[in-house]
Structures are given as C-alpha cells and as structure tokens.
Chemist: 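First the structure, then my questions, so here it is.
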Amino acid sequence: RLTVDGLAEKRGKQTAWNCTCSCGKKTVVLGTNLRSGHTASCGCLALERQSAAKSHGMSRIPEYRTWRSMVDRCTREKATAYRHYGGRGIAICEEWLAGFEGFYDDMGPKPSPDHTLERIDNCLGYGPGNCCWATRKTQARNRRSSVMVEFSGELRCLTEWSEVAGVGVRTIKRRIAKNIPICGATRDGKPSPSSPAD
C-alpha cells in the first residue's frame, strides 16, 4: 500500500524513505522494511486485520495473543522486541500475516499453558515449516546465545550435555577446555553418562 516519494534521512547504516499510503497518509519507513515487506502500510492494514480478527470470536484465547505478539515484534517498529525480530530481518509468511485464522489452522491450540511459539531455525522467519509449540525450557536451548557442542556425532547445547553426562555445565566446560570427553560412550558409540573425571 506504500508508494515511495523520496529519501527521508539516514539512520546509521540504514536509509529511511518518505512514503504515501494508499489511504492518503504520509509515513517514513526504513528501506529494509520496505524491501522485506515488514511495513506494508502506514498502519491502516494492521488496524483492518485487528478488526477482521475480532469477527472470528477468538481474540481472547491465548493463541491469538501469541499471534498478535508475533506480528507486532516483526512488523511494528515501536514494539519493544522489534530490533531482535523485524529489525534483523525475521519475517512472517503471508498466510499468517494475513490473519489469525491461517496461523491457527496451521498451529492449532497450545498443548498446555507452558507452551509458547518457537522457531525451529532461529535464522528463518515464522511459518508452518519452521514453527512449533515448545516449552520454555526447550526454547531456552534454541536461543541464538546457546553454546552448541558436537560430541560422538551429536550436536547439543551445553545444558543438554550436562543432563546426558549427569554433571554441571561448568564441569562440561572444563572437560572441553582440557580435551576430556564430555561423557562416556556405549558399545554402539552413542554418548552415555560418565563418572566425573575432574
């Protein structure tokens, strides 16, 4: 819905553009958001979607709040978490962005109140092929900040290796630093708990 009128300003390494929305309003949008489709209007499109969402009668269920938060952090520059999502190029598939019904058809209800929406590959966006309901514990292991370690052909985060080996994360780190195996291995070569060597 946006037509670029001309250059607005430079914001660090990014360029902002003066745009006119099809509804007649003027707005300033970052070039990256125009190219990715994160910003598609002056805000009128989001209002229309919110209005349409209320018609399905599901705007008060937890899954709707999850969808709404996902859309905000990926498309609304003023959202607190925008810089970690939309600001770094995390997009939402067209079906989910178009409305809550598409999202709910693909994801269904949460298995439990403890489950939240997780992207399987944190470098990719939101869509049915890259999202699942997961507990917060599982999500914590999938953060970009999680340290992944390969041992005996298996790639796990430090927390998981800690559980497999039956020792603390600090012990695992010390073993890695000293080139000591993270844990023992069974006859088939699979990792198994080992007695603390340090």
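Basis for what follows: all heavy atoms, side chains included, without hydrogens, waters or symmetry-related copies.
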Chemist: Any salt bridge (Lys or Arg N to Asp or Glu O under 4.0 Å) pairs touching residues 37-47, not counting sequence neighbours?
Modeler: none

Chemist: Does Arg1, at its CZ atom, have more than 12 non-hydrogen atoms belonging to other residues, nucleotides or ligands within less than 6.0 Å?
Modeler: yes

Chemist: Find out whether Cys131 and Met107 are in side-chain contact, i.e. whether some heavy atom of one side chain is under 4.5 Å from a heavy atom of the other.
Modeler: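 Yes. Closest side-chain heavy atoms under 4.5 Å.
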
Chemist: Can you tell me how far CZ of Arg73 sits from OG1 of Thr80, rounded to the nearest 0.5 angstrom?
Modeler: 11.5 Å

Chemist: Please write out which residues are connected to Leu7 in a hydrophobic cluster, directly or through intermediates, given that two of Ile, Leu, Val, Met, Phe, Trp, Tyr count as joined at side-chain heavy-atom separations below 4.5 angstrom.
Modeler: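 Leu7 shares its hydrophobic cluster with Leu2, Val4, Trp17, Val29, Leu34.
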
Chemist: For side chain to side chain contact (heavy atoms under 4.5 Å, CB included), just list the numbers for Cys21 and Cys44, CA-CA rounded to whole Å, side-chain angles, deciding distance to a tenth of an Å, and then say yes or no.
Modeler: CA-CA 9 Å; Cys21 185; Cys44 60; 3.7 Å; yes

Chemist: At their closest point, which heavy atom of Glu63 faces which heavy atom of Gly108, and how far apart are they?
Modeler: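 It is CG-O, 4.0 Å.
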
Chemist: Would you say Trp67's side chain and Trp96's backbone share a donor-acceptor pair under 3.5 angstrom?
Modeler: yes

Chemist: Can you name the side chain to side chain donor-acceptor pair (under 3.5 Å) partners of Arg65, sequence neighbours left out?
Modeler: none

Chemist: Is any side-chain heavy atom of Glu94 closer than 4.5 Å to one of Leu97?
Modeler: no

Chemist: Within the structure provided, determine whether Pro62 and Lys110 are in side-chain contact (heavy-atom separation under 4.5 Å).
Modeler: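 In short, these two side chains touch, coming nearer than 4.5 Å.
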
Chemist: To the closest 0.5 Å, what do you measure between NZ (Lys25) and OG1 (Thr20)?
Modeler: 13.0 Å

Chemist: Is there side-chain contact between Arg119 and Leu124, with heavy atoms separated by less than 4.5 Å?
Modeler: no

Chemist: Applying salt bridge (charged side-chain N to carboxylate O under 4.0 Å, His left out), name anything that partners Asp5, two or more places apart in sequence or on another chain.
Modeler: Lys26

Chemist: Report yes if some heavy atom in the side chain of Val71 is under 4.5 Å from a heavy atom in the side chain of Ile92; otherwise report no.
Modeler: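 With C-beta onward as the side chain, the pair touches.
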
Chemist: Report yes or no: do Thr171 and Arg174 form a side-chain donor-acceptor pair below 3.5 Å?
Modeler: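 The answer is yes; a qualifying pair exists.
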
Chemist: Rounded at 0.5 Å granularity, tell me how far CG in Asp106 sits from CD in Glu95.
Modeler: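 Atom-to-atom, Asp106:CG and Glu95:CD are 7.5 Å apart.
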
Chemist: Please assess Cys19 against Val28 for the test side chain to side chain contact (heavy atoms under 4.5 Å, CB included), listing each intermediate value before the final yes or no.
Modeler: CA-CA 6 Å; Cys19 300; Val28 177; over 6 Å; no

Chemist: Check side chain to side chain donor-acceptor pair (under 3.5 Å) between Arg76 and all other residues, then give those that pass, not counting sequence neighbours.
Modeler: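 With neighbours one apart ignored, the set is empty.
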
Chemist: Could you tell me whether the side chains of Asp72 and Tyr85 share a donor-acceptor contact shorter than 3.5 Å?
Modeler: no

Chemist: Do Pro109 and Trp133 have side chains that approach each other closer than 4.5 Å (heavy atoms only, starting at C-beta)?
Modeler: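 When only atoms from C-beta onward are counted, Trp133 and Pro109 do not touch, as no gap falls below 4.5 Å.
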
Chemist: Side chain to side chain contact (heavy atoms under 4.5 Å, CB included) for Cys93 and Tyr126? Distances and angles first, verdict last.
Modeler: CA-CA 6 Å; Cys93 71; Tyr126 288 95; over 6 Å; no

Chemist: Report yes if some heavy atom in the side chain of Leu30 is under 4.5 Å from a heavy atom in the side chain of Glu77; otherwise report no.
Modeler: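 With C-beta onward as the side chain, the pair touches.
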
Chemist: Could you tell me if the side chain of Cys23 sits less than 4.5 Å from the side chain of Cys42, heavy atoms only?
Modeler: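 A side-chain contact under 4.5 Å exists here.
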
Chemist: Quick one: does any side-chain atom of Arg88 pair with a main-chain N or O of His84 as donor and acceptor, under 3.5 Å?
Modeler: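 Yes: the side chain of Arg88 pairs with the backbone of His84.
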
Chemist: Do you know the tightest heavy-atom contact between Ser36 and Asn33?
Modeler: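 Minimum heavy-atom separation between Ser36 and Asn33: OG-O, 3.4 Å.
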
Chemist: Partners of Tyr104 by ring pair (Phe, Tyr, Trp, His ring centres under 6.0 Å), sequence neighbours excluded?
Modeler: Phe100

Chemist: Is there a path of hydrophobic side-chain contacts, each under 4.5 Å between heavy atoms, that joins Ile90 and Met70?
Modeler: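 Linked within one cluster.
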
